[in-house]
There are 2 protein chains.
Amino acid sequence: MRMARAGLTADRVTLAGAELADEVGLDHVTMSAVARRLGVKDASLYAHVRNLEDLRGRIALLAADEKTIRIAEDTAGRAGKDALVAFANAYRAYAHDHPGRYTATQIPIQIDPELAARAPGPRRAVELTYGMLRAYALDEPDLTDAVRLVRSTLHGFVSLEAAGGFAHARPAEDSWARCLDALHTLLERWPARHEGDPT
Amino acid sequence: MRMARAGLTADRVTLAGAELADEVGLDHVTMSAVARRLGVKDASLYAHVRNLEDLRGRIALLAADEKTIRIAEDTAGRAGKDALVAFANAYRAYAHDHPGRYTATQIPIQIDPELAARAPGPRRAVELTYGMLRAYALDEPDLTDAVRLVRSTLHGFVSLEAAGGFAHARPAEDSWARCLDALHTLLERWPARHEGDPT
DNA sequence: GGCTTAACCTAATGTCATTAGGTTCAGATG
DNA sequence: CATCTGAACCTAATGACATTAGGTTAAGCC
């Protein structure tokens with residue numbers, strides 16, 4: 001009495017891991033749990049994925065791709081504050097919808113370079129960010145600094161929110177909107193270097 | 001031939017865990033490893049700490065306390081941009097010096113409430129942040145929004161930096177300085193709500 | 001119909017987390 | 001000083017997991 005083959009592949013395993021991550025948290029994504037979900041023995045997974053760390057890396061890349069696609073869709077044809085808000089909301093929405101996947105993208109990168117090279121997500125995300133800021137007409141190195149500031153703020157907010165850091169009375173939603181306003185204003189009048197500062 | 005007693009206590013175990021976290025990363029902090037470092041059997045730790053999760057929670061609280069103290073020291077007697085920069089630099093320095101401990105503070109909070117109540121760190125940190133922003137004379141709810149923005153930016157930057165997100169040519173150091181400039185400018189001219197916006 | 005190649009499986013090893021049920025040391029009590 | 005007590009440790013055992021080695025078996029190709 002044999003079961004039919006599950007027809008696994010690296011992508012299928014990764015997807016199962018990603019789903020599990022969203023359901024029970026990334027650090028409860030175990031080989032055993034993924035195998036269980038796929039109706040397969042633990043050892044079978046190793047034919048498709050090098051090991052747990054590799055699986056996590058794949059989940060991270062999958063998440064990066066998905067997130068990028070969503071941002072690209074939502075920012076298409078927009079510019080200026082419109083684009084900034086669309087970008088940020090898409091970013092945050094993805095994190096909300098896929099907390100486990102999003103967490104995976106935070107891991108200090110220890111991903112198979114060969115694999116990473118094939119995944120368009122991370123590179124694409126950087127391009128999108130630079131493109132989104134084009135309307136603010138910043139020159140290097142200010143542009144890079146601005147990109148880093150925006151990324152930091154979005155990631156920081158979403159991350160703290162997920163960790164329960166905003167347990168306060170005021171809805172995170174409202175603070176989010178104000179932060180985006182603030183970012184926009186900031187980008188419009190990016191502070192010139194103080195004359196006194198030697199840097 | 002018996003060894004001398006190690007004279008353990010919950011705090012000592014926590015400290016060993018924290019040191020280990022900084023050395024090998026928080027998720028390599030295991031009961032076994034901590035026990036090994038203390039020259040004790042795994043089971044002995046359970047007399048001082050409920051379980052792994054509890055240990056991590058204690059490390060997080062320890063880190064929060066330490067970080068808060070450092071920020072308090074460095075911002076004492078300062079105000080305005082001076083205070084902001086001191087605050088931010090102390091924050092970032094702590095994360096650099098104690099990456100494992102810092103990571104522990106990011107965990108979605110699952111800490112024994114009774115324990116958390118005794119730890120002044122988290123509460124103190126919030127107070128310090130509000131105090132630091134006093135110079136900018138914001139009223140609620142803007143003040144809360146500003147606090148959240150600052151926390152998000154600092155945490156996001158440090159977190160991305162630690163994850164290797166700034167692999168670019170431009171030194172993170174320089175971007176950091178510019179981001180603080182930007183935050184300061186932003187706080188000085190916190191954008192008024194747009195007249196058109198119904199919120 | 002045999003062959004190759006994946007896709008799976010069984011078995012085994014080693015690391016951890018955690019619990020149960022003792023020892024033993026250090027200091028208070030008599 | 002003898003002892004009692006509680007905290008500090010230990011041994012032993014169980015049960016997840018991760019990972020490897022060494023088979024089976026299904027599916028498509030000739």
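Each chain gets a letter, A, B and so on, in the order its sequence line appears, and its residues count up from 1.
Distances shown here put every side-chain N or O of A:Thr30 at or beyond 4.0 Å from the OP1 or OP2 atom of D:dA16. OP1 or OP2 of D:dC17 has at least one side-chain nitrogen or oxygen of A:Arg36 nearer than 4.0 Å. The phosphate of D:dA16 has neither OP1 nor OP2 within less than 4.0 Å of any side-chain N or O from A:Ser32.
A donor-acceptor pair shorter than 3.5 Å can be found between the side chains of B:Asn89 and B:Trp176.
Per the geometry, CG belonging to B:Leu52 stands 17 Å off P belonging to D:dA16, to the nearest Å. The CG atom of A:Leu45 sits 10 Å away from the P atom of C:dC8 (whole-angstrom rounding). Per the geometry, CG belonging to B:Leu55 stands 14 Å off C1' belonging to C:dC16, to the nearest Å. Regarding A:Lys41, its NZ atom lies at a distance of 13 Å from the P atom of D:dA16, rounded to whole Å. Distance CD (A:Glu53) to P (D:dC17): 19 Å, rounded to an integer number of Å.
B:Arg101 forms no cation-pi arrangement with B:Tyr94, by the criterion of a distance under 6.0 Å to the ring centre and an angle within 45° of the ring axis.
Note on the helix from C:dG1-D:dC30 to C:dG30-D:dC1: terminal axis deviation equals 10°, with five pairs used at each end and the result rounded to 10°.
When all heavy atoms of A:Arg58 and A:His48 are compared, the pair lying nearest together is NH2-O, 4.1 Å.
The aromatic ring centres of B:Tyr91 and B:Phe157 sit 6.0 Å or more apart. Not less than 6.0 angstrom separates the ring centroid of A:Trp190 from the ring centroid of A:Tyr136.
Along DNA chain D, the nucleotide nearest to B:Ala43 and the one nearest to B:Thr9 differ in position, and the one closer to the 5' end is contacted by B:Thr9.
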